[in-house]
Amino acid sequence: MKVEIFDPAMCCSTGVCGPSVDPELTRVASAVYSLGKKGFNIKRYNLTSEPDAFTNNSEITKILTEKGPDALPVVLVNDEIKKSGTYPTNKELSEWFGVKSEELQQKPTVRLTIDLKQL
């Protein structure tokens, strides 16, 4: 099982940047992070920072040519368009990967390393 999510242009994929938090982006970021930590093949691509992922994929190029950027996000499952214009629900992700929805709520963590010699 391979899932790829092609996001619209945005400054970050977590939903916590900008003037307000987008709970949908936060939910998706947590689900993708949780699945990735479990070793599942799931990736997200942001149009702003990874335009090559969009132009190198014929399905994405086709849908963007036909419908424009309003078609984003686009979700590919095993290289086939499964959803367009909305993110997958946690229920859909749990069904695709065979996990419980509760397992998709792990929050990404940031690790800070300090070199004490520098202080």
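The first residue in the sequence is number 1, and the count goes up from there.
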Subject >> Exam field: side chain Asn56 to backbone Asp52, donor-acceptor pair closer than 3.5 Å >> reply: yes
Original post:
Are Leu35 and Tyr87 connected in a single hydrophobic cluster, I mean Ile/Leu/Val/Met/Phe/Trp/Tyr linked by side-chain heavy atoms less than 4.5 Å apart?
Top reply: yes
Original post:
If we only count heavy atoms from C-beta on, is the Leu47 to Pro8 side-chain gap below 4.5 Å?
Top reply: no
**OP:** Kindly compute the distance separating CG (Asn46) from CD1 (Ile5), expressed to the nearest 0.5 Å.
**Re:** 12.0 Å
**OP:** Identify the two heavy atoms, one from Ala71 and one from Ser84, that lie closest to each other, and give their separation to 0.1 Å.
**Re:** O-OG, 3.0 Å
Original post:
Salt bridge or not for Glu24 and Arg27, using N-O below 4.0 Å?
Top reply: yes
Original post:
Once you round to the nearest 0.5 Å, how far does NZ of Lys67 lie from NZ of Lys62?
Top reply: 10.0 Å
Original post:
Can you hop from Leu104 to Val3 via hydrophobic side chains spaced under 4.5 Å?
Top reply: yes
**OP:** Would you name the heavy atoms of Thr89 and Glu92 that are closest together and state the gap between them?
**Re:** N-OE1, 2.8 Å
Original post:
Mind checking whether Met1 and Phe40 have side chains closer than 4.5 Å, heavy atoms only?
Top reply: no
**OP:** Evaluate side-chain contact (heavy atoms from CB on, under 4.5 Å) for Glu4 paired with Val74, printing each intermediate quantity in order.
**Re:** CA-CA 8 Å; Glu4 296 173 286; Val74 174; over 6 Å; no
Subject >> Value rounded to 0.5 Å, distance of CG in Leu25 from CG in Asp7 >> reply: 7.0 Å
Original post:
If two hydrophobic side chains count as joined below 4.5 Å and joins carry through other members, does Leu64 share a cluster with Ile81?
Top reply: yes
Original post:
Taking all non-hydrogen atoms of both residues, which atom of Pro88 and which atom of Lys83 are closest, and how far apart?
Top reply: CA-CD, 3.9 Å
**OP:** Indicate, with yes or no, if Val99 and Val32 share a hydrophobic cluster defined by side-chain heavy-atom contacts under 4.5 Å among Ile, Leu, Val, Met, Phe, Trp and Tyr.
**Re:** yes
Original post:
Are Val28 and Leu93 side-chain neighbours, meaning at least one heavy-atom pair lies under 4.5 Å?
Top reply: no
**OP:** Would you check if the distance from the ring center of Tyr45 to the ring center of Phe54 is below 6.0 Å?
**Re:** no
Subject >> Nearest-0.5 Å distance, CZ of residue Phe6 to CD1 of residue Ile63 >> reply: 11.0 Å
Original post:
Which value, rounded to the nearest 0.5 Å, describes the distance between Asn90 atom CG and Glu95 atom CD?
Top reply: 11.0 Å
**OP:** For residues Thr86 and Val75, determine if any side-chain heavy atom of one lies less than 4.5 Å from a side-chain heavy atom of the other.
**Re:** no
Original post:
Does some side-chain heavy atom of Lys82 sit less than 4.5 Å from a side-chain heavy atom of Trp96?
Top reply: yes
